[in-house]
> 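For reference, the structure I am asking about is given below.
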Amino acid sequence: MAAFTPEAFKKEFIAILDYWEKYGPDPEKGGFYGRVNYENQPVKDSARSVVLTGRLLWTFSLAHRLLKETKYLTLADRAYQQLVKSFFDPEYGGVYWSVNADGSPLETKKQIYGNAFAMYGLAEYYRVTHFKPALEKAQSLFEIIEKHAFDPVNGGYREAFARDWSTTDDYILSKSPWNKSMNTHLHLVEAYTNLYSVWPDAKLKKQTAGMLDAIITHIVNPKTETMQLFFDEQWKAKDQIVSFGHDIEASWLLFETAEILHDEKLIARMKKKSIAMATAASKGLGKDGALNYEYDPETKHTQTDRSWWVAAEQLVGFYNAYQLTKDPQFKTKAEKSWDYIVNEFVDNDKGEWFGTVKEDGTPVKGDKINFWKCPYHNARACAEMWRRLGKA
């Protein structure tokens, strides 16, 4: 049994940060590499994504806030400079989806998911630096998202736009007419929440609460307490596929939003929903204590790969459910989640975590860093557990 203590989580948090400090920065072009392979070799000409950059900004800002070490602020500064210099569109506003290794624009579409992570990182950076231009950048993203993406008729936010914020059919994760998604709403409400924590603006609060209501009303299926993934303008769902990792992640993130908004009715409503969602997500657990990736009720097919980000989120999600209920079954699930992470995901040879582990426990030796492989999920999970178990 892996030690389930604040010290154990702090130690792994620092180990993750150490990896990214050593292998992430690009000393030639600045910023961070867009891809590092399993052998910890950078692919120097790889594109850089706004998702990775925003998450790095958030992670190192958080690290500086919690650990008070200058080196983490230096790394946050590096991510901030990369984000501001390369990703912000000087003509149309918002941020690009990706740039080339030299910082020139590559995919210039305005994906709301990408803009959300830029905002999320900027808010955290402002929290630790009080650097006003960072807050102003985050506020500009809020304003442009509200202007172009908010649906005042049906509620919620549209998925993506062309560079000039005109209509596009390329949403990266979906296609028309499925122009709203669970994933974008989950991370946009997370970004709005983080921005609200440093900028308690009345309109921001109203829109954040409204988005949380839209998620609970339209995205979470009241029959199953699982989230549906893609929707059209009027919230008609594309299918009933269950993403266990997103469900357990949402179960704690959405409750956190209600708490930060200090809305007692919303807190009470979300507490019930969080417990129900964590209970529903439990159905995806394998005998090894890890969640399967997803399930399609139409085909009865279960995708059984274990993913690093799902493992991180189930650790926090089940422990959050334990804190809300004091039901020991949830604590046991969290402990088993941590056991699985320590025994299967932590890569004691190359560092960091494996991205994927097969159901039989075989690790997939893929990239250590890429568009999606980042320190946000696992570093956040360790920091959350360190705090929840009694951070000094």
Side-chain angles (χ1 to χ4, degrees), residues 2-25 32-33 36 40 49 51-80 82-83 116-118 120-125 127-128 186-187 190-191 193-194 197 245 248-249 252-253 256 307-317 319-320 334 337-338 340-342 344-348 350-356 367-389 391:
F4 199 79
T5 63
E7 295 76 19
F9 291 112
K10 180 183 179 183
K11 181 181 177 182
E12 183 58 25
F13 179 48
I14 293 172
I16 294 165
L17 295 169
D18 286 347
Y19 177 90
W20 286 84
E21 179 187 5
K22 184 175 182 179
Y23 295 109
F32 292 83
Y33 291 117
V36 172
N40 293 327
S49 75
V51 173
L52 177 58
T53 306
R55 289 172 171 184
L56 283 166
L57 177 58
W58 179 85
T59 300
F60 285 119
S61 297
L62 173 77
H64 180 65
R65 177 159 64 90
L66 298 182
L67 298 165
K68 312 300 184 191
E69 290 194 32
T70 304
K71 64 179 181 178
Y72 299 129
L73 182 58
T74 301
L75 290 161
D77 290 339
R78 173 181 282 267
Y80 176 78
Q82 183 175 26
L83 181 66
F117 274 106
Y120 187 60
L122 287 164
E124 194 67 23
Y125 184 69
R127 190 199 303 258
V128 298
L186 177 61
H187 294 298
E190 173 188 24
T193 300
N194 211 36
S197 69
I248 196 65
E249 181 181 16
W252 75 269
L253 277 180
E256 180 181 70
S307 177
W308 107 98
W309 72 265
V310 175
E313 297 303 338
Q314 71 174 81
L315 169 65
V316 182
Y319 195 77
N320 181 68
S337 301
W338 181 233
Y340 189 92
I341 287 167
V342 170
E344 307 296 342
F345 272 109
V346 175
D347 186 348
N348 294 308
K350 301 297 184 183
E352 241 275 355
W353 295 12
F354 296 108
T356 301
D367 290 342
K368 288 294 182 172
I369 299 173
N370 61 31
F371 256 55
W372 299 98
K373 184 68 165 58
C374 64
Y376 147 81
H377 290 283
N378 53 357
R380 180 174 70 178
C382 291
E384 277 291 319
M385 295 305 296
W386 176 26
R387 177 180 69 82
R388 289 167 188 255
L389 287 173
K391 175 183 175 295

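In this chain, numbering begins with 1 at the start of the sequence shown.
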> Working to the nearest 0.5 Å, report the span between CD1 of I16 and OH of Y19.
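These two atoms lie 12.0 Å from each other.
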
> Do Y33 and I369 have side chains that approach each other closer than 4.5 Å (heavy atoms only, starting at C-beta)?
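In short, these two side chains do not touch, never coming nearer than 4.5 Å.
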
> Mind checking the CD-CG spacing from E352 to D18? Nearest 0.5 Å is all I need.
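Result: 11.0 Å between the selected atoms.
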
> Would you list the atom pairs, donor with acceptor, under 3.5 Å between side chains in residues 52-63 and any protein atom, with sequence neighbours excluded?
unit_1	atom_1	unit_2	atom_2	d
T53	OG1	S49	O	2.9
R55	NH2	Y113	OH	2.9
W58	NE1	Y120	OH	3.4
T59	OG1	R55	O	2.8
S61	OG	L57	O	2.7

> When you measure from the side chain of K373 to the backbone N and O of V36, does any donor-acceptor pair fall under 3.5 Å?
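Absent.
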
> Going by heavy atoms in the side chains, are M385 and F13 under 4.5 Å from each other?
no

> Once you round to the nearest 0.5 Å, how far does CG of L17 lie from CD of E69?
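One gets 9.0 Å once the value is rounded to the nearest 0.5 Å.
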
> Could you check whether any side-chain heavy atom of Y23 comes within less than 4.5 Å of a side-chain heavy atom of K368, counting everything from C-beta outward?
no

> Where do A381 and A312 come nearest, in terms of heavy atoms and distance?
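Looking at all heavy atoms of both residues, the closest pair is CB-O, 3.5 Å.
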
> How far does CH2 of W372 sit from CH2 of W308, to the nearest 0.5 angstrom?
9.5 Å

> Less than 4.0 angstrom from a charged side-chain N to a carboxylate O is my criterion; do E124 and R127 meet it?
yes

> Roughly how far, to the nearest 0.5 Å, is SG of C382 from CG of L315?
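These two atoms lie 7.0 Å from each other.
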
> Using 0.5 Å steps for rounding, measure from the NE2 atom of H187 to the CZ atom of F117.
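Atom-to-atom, H187:NE2 and F117:CZ are 4.5 Å apart.
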
> Does R387 form a salt bridge (charged side-chain N to carboxylate O under 4.0 Å, His left out) with E384? I'd like the steps, not just the answer.
CA-CA 5 Å; R387 177 180 69 82; E384 277 291 319; 2.8 Å; yes

> Can you find a heavy atom in the side chain of C374 that is under 4.5 Å from one in the side chain of V51?
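When only atoms from C-beta onward are counted, V51 and C374 do not touch, as no gap falls below 4.5 Å.
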
> Side-chain contact test, heavy atoms from C-beta onward, threshold under 4.5 Å: evaluate it for L75 versus F32 and give yes or no.
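Yes. Closest side-chain heavy atoms under 4.5 Å.
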
> Check whether any side-chain heavy atom of R388 lies under 4.5 Å from a side-chain heavy atom of W252, and answer yes or no.
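A side-chain contact exists here, since the closest heavy-atom pair is under 4.5 Å.
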
> I'd like to check H377 versus V310 (side-chain heavy atoms, cut-off strictly below 4.5 Å). Are they in contact?
no

> How would you list, by chain and number, every residue that makes a ring pair (Phe, Tyr, Trp, His ring centres under 6.0 Å) with Y340, sequence neighbours excluded?
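Listed in chain order: F345.
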
> Ignoring hydrogens and geometry beyond distance, is a side-chain donor-acceptor pair present between E12 and W386 at under 3.5 Å?
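Result is no, nothing qualifies.
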
> Can you give me the closest heavy-atom contact between G245 and E313, atom names plus distance?
O-CB, 4.2 Å

> Is there a ring pair (Phe, Tyr, Trp, His ring centres under 6.0 Å) between W338 and F9? Walk through the geometry before answering.
CA-CA 10 Å; W338 181 233; F9 291 112; 4.4 Å; yes

> How close do P25 and E21 get, heavy atom to heavy atom, and via which atoms?
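That would be CD-O, 3.3 Å.
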
